[in-house]
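Computed from a predicted structure; not experimentally measured.
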Amino acid sequence: MIGRSKAAPEEKTLGLYLHIPFCAKKCDYCDFYSLAGAQDRMDDYVQALETQLAEFAPRAAQHTVDSVYFGGGTPTLLGEKRLIRLLKLILKKYRVAKGAEITLEANPESAGDFRALRTLRRAGFCRISLGMQSADDAELRSVGRIHTAAQVRAAVEAARKAGFSNLSLDLIYGLPGQTMELWQRSLTAAVDLAPQHLSCYGLKVEEGTPLFLRREREQLPDDEAQADMYLWTADFLRRHGFFQYEISNFARPGFESRHNLKYWTLGEYAGFGPGAHSDLGGVRYAYARDLEGYIQGVRTGGPLLSENERIPPLDRDTEWIMLGLRTVRGLDPKVFESRFRRRFDCFLPFLGECAQAGYAVEEEGRWHLTPKGFLVSNQIIGGMLDALSADKKRREEARARGDFRVKLG
């Protein structure tokens, strides 16, 4: 039995994120903070994480931790002994809910030993997120992945043999040279592995990555081709029993990622490690992307943060809209009005236009985007924020005129 108590409805919940920045090789498209060839720093890094987790625990005393996420990088590269040390410390120092979602990210080439996975499951890990990316070896090589499709299948088999019943697979569409047929083969192969959750991301060529430097030479599917892949994905997965709950995420009923939902619903979470972000107690902050700086900063009490911002609750309306429109639950006007003390009406003309174009729908009093709308979500979010800005300006002008009929509620 994991943890000491189950979160009561009135208790505040908290997600913990541990960033494990080590990789055997950095992928050509990766813009996350991760390091290849730094394995000799693992022990010092784990010690720094343990120190900070212990020091931070009193700040979380009033929260029940209902999700823990080990992300990277390649967390499984750390080895089961170090991972279990970190998890045991969390279970000892924090109030962890019974049935908490404890996720471990893994790359296939480092997750093929079912005995190691079984040890991790018995220690408390209950969910694995596996970086499959493609079922085609040529596509994997084209972006610098070091695993093969066969290793994906072996890792899934090992996870099942180890007793994991909550498995997520990550895939990327829009890879160099990828056609619709090749993407369909990859997604079909992923579904055939019977995961409980799928994350399907369109390839983004980020500046500063090796793929960005050779982008002109690569045969990259254009925006229209990626859009076709995305719409096919949403329909295919729906027909195979996966419901879409966020732009890029699909799950069997009851298997959506509880940890990631915190990010999209303005839930509270605390991150640890270089590059990790937190949102807790009305303060949003992030640690600098510097492994050595993090280790030394924890040891000496030196500076660690790269961002630190306190955001008043009433000023989080922009985030609420942006994040809510990423999810299929969308926006609840009643929640908006009670949380931010202003009417939702200012959005209705624009949302009506989106509905006429097939980009949004209103169901059971909530507004959410359709798969077609998700494709242009940035433009729709921009339109919503314009409507919000115009409404704020109108209210400020009215108050300046002494028109006290303009109310907050």
Note, [X] side chain near [Y] side chain (heavy atom, < 4.5 Å):
| X | Y | value |
| --- | --- | --- |
| Gln244 | Pro371 | yes |
| His368 | Val361 | yes |
| Glu218 | Leu211 | yes |
| Asp44 | Arg299 | yes |
| Leu171 | Leu198 | yes |
| Ile321 | Phe340 | no |
| Thr119 | Phe114 | no |
| Gln47 | Val298 | no |

Within a reach of under 6.0 Å around [atom1] of [X], are more than 12 heavy atoms found that belong to other residues, nucleotides or ligands?
| X | atom1 | result |
| --- | --- | --- |
| Lys392 | NZ | yes |
| Gln379 | CD | yes |
| Glu207 | CD | no |
| Arg329 | CZ | no |
| Asp223 | CG | no |
| Glu157 | CD | no |
| Arg115 | CZ | no |
| Tyr201 | OH | yes |

Practice problem: Taking only Lys NZ, Arg NE, NH1 and NH2, and the carboxylate oxygens of Asp or Glu, determine whether Arg316 and Asp279 approach each other closer than 4.0 Å. | Solution: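 A salt bridge is present here (some side-chain N lies under 4.0 Å from a carboxylate O).
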Practice problem: Quickly, which of Arg289, Gln52, His19 forms a side-chain hydrogen bond (donor to acceptor under 3.5 Å, both in side chains) with Tyr294? Name it, please. | Solution: Gln52
Quiz item: Does Lys262 make a cation-pi contact with Tyr269 (under 6.0 Å, within 45 degrees of the axis)?
Solution: no
Quiz item: Do the numbers put Arg41 on top of the ring of Tyr45, so that NZ or CZ is under 6.0 Å from the six-membered ring centre and no more than 45° off the axis?
Solution: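 No, cation not above the ring by the 6.0 Å, 45° rule.
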Keeping [X] on the side-chain end and [Y] on the backbone end, is there a donor-acceptor pair under 3.5 Å?
| X | Y | answer |
| --- | --- | --- |
| Lys334 | Gly365 | no |
| Ser389 | Leu385 | no |
| Thr370 | Gly358 | yes |
| Ser67 | Glu101 | no |
| Thr179 | Leu182 | yes |
| Ser134 | Asp136 | yes |
| Arg85 | Leu89 | no |
| Glu307 | Tyr285 | no |
| Asp137 | Ala149 | yes |
| Arg121 | Ala162 | yes |

Minimum-distance pair of heavy atoms, taken over all atoms of [X] and [Y]:
| X | Y | value |
| --- | --- | --- |
| Ala48 | Ile295 | CB-CA, 4.2 Å |
| Ala36 | Ala24 | CB-O, 3.9 Å |
| Gly174 | Met229 | N-SD, 3.7 Å |
| Gly144 | Lys25 | O-NZ, 3.2 Å |

Self-check item: Result of checking Arg339, Arg343, Arg342 against Asp317 for salt bridge (Lys or Arg N to Asp or Glu O under 4.0 Å)
Solution: Arg342
When rounded to the nearest 0.5 angstrom, what is the spacing between [atom1] in [X] and [atom2] in [Y]?
| X | Y | atom1 | atom2 | answer |
| --- | --- | --- | --- | --- |
| Leu348 | Glu362 | CG | CD | 7.5 Å |
| Ser257 | Gln196 | OG | CD | 13.0 Å |
| Thr327 | Leu323 | OG1 | CG | 9.0 Å |
| Leu237 | Arg239 | CG | CZ | 9.0 Å |

Side chains of [X] and [Y], donor plus acceptor under 3.5 Å:
| X | Y | value |
| --- | --- | --- |
| Thr64 | Arg95 | yes |
| Tyr359 | Glu353 | no |
| Thr233 | Trp183 | yes |
| Asn249 | Ser199 | yes |
| Tyr245 | His197 | yes |
| Asn107 | Arg145 | yes |

Practice problem: If the plane angle is over 60° it's perpendicular, under 30° parallel, otherwise tilted; pick one for Tyr230 and Phe374. | Solution: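 Tyr230 and Phe374: perpendicular rings.
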Quiz prompt | Worked verdict on Lys93 versus Glu50 for salt bridge (charged side-chain N to carboxylate O under 4.0 Å, His left out) | solution = CA-CA 10 Å; Lys93 296 290 185 178; Glu50 289 177 317; over 6 Å; no
Quiz item: Leu18 pairs by side-chain contact (heavy atoms from CB on, under 4.5 Å) with which of Leu53, Leu87, Val46?
Solution: Leu53
Pair [X] + [Y]: ring centers closer than 6.0 Å:
| X | Y | value |
| --- | --- | --- |
| Tyr287 | Phe272 | no |
| Phe125 | Phe70 | yes |
| Phe347 | Phe350 | no |
| Phe236 | Phe242 | no |

Exercise. Test salt bridge (charged side-chain N to carboxylate O under 4.0 Å, His left out) on Arg82 and Asp43 and set out the steps.
Key: CA-CA 8 Å; Arg82 296 187 185 98; Asp43 287 329; 2.8 Å; yes
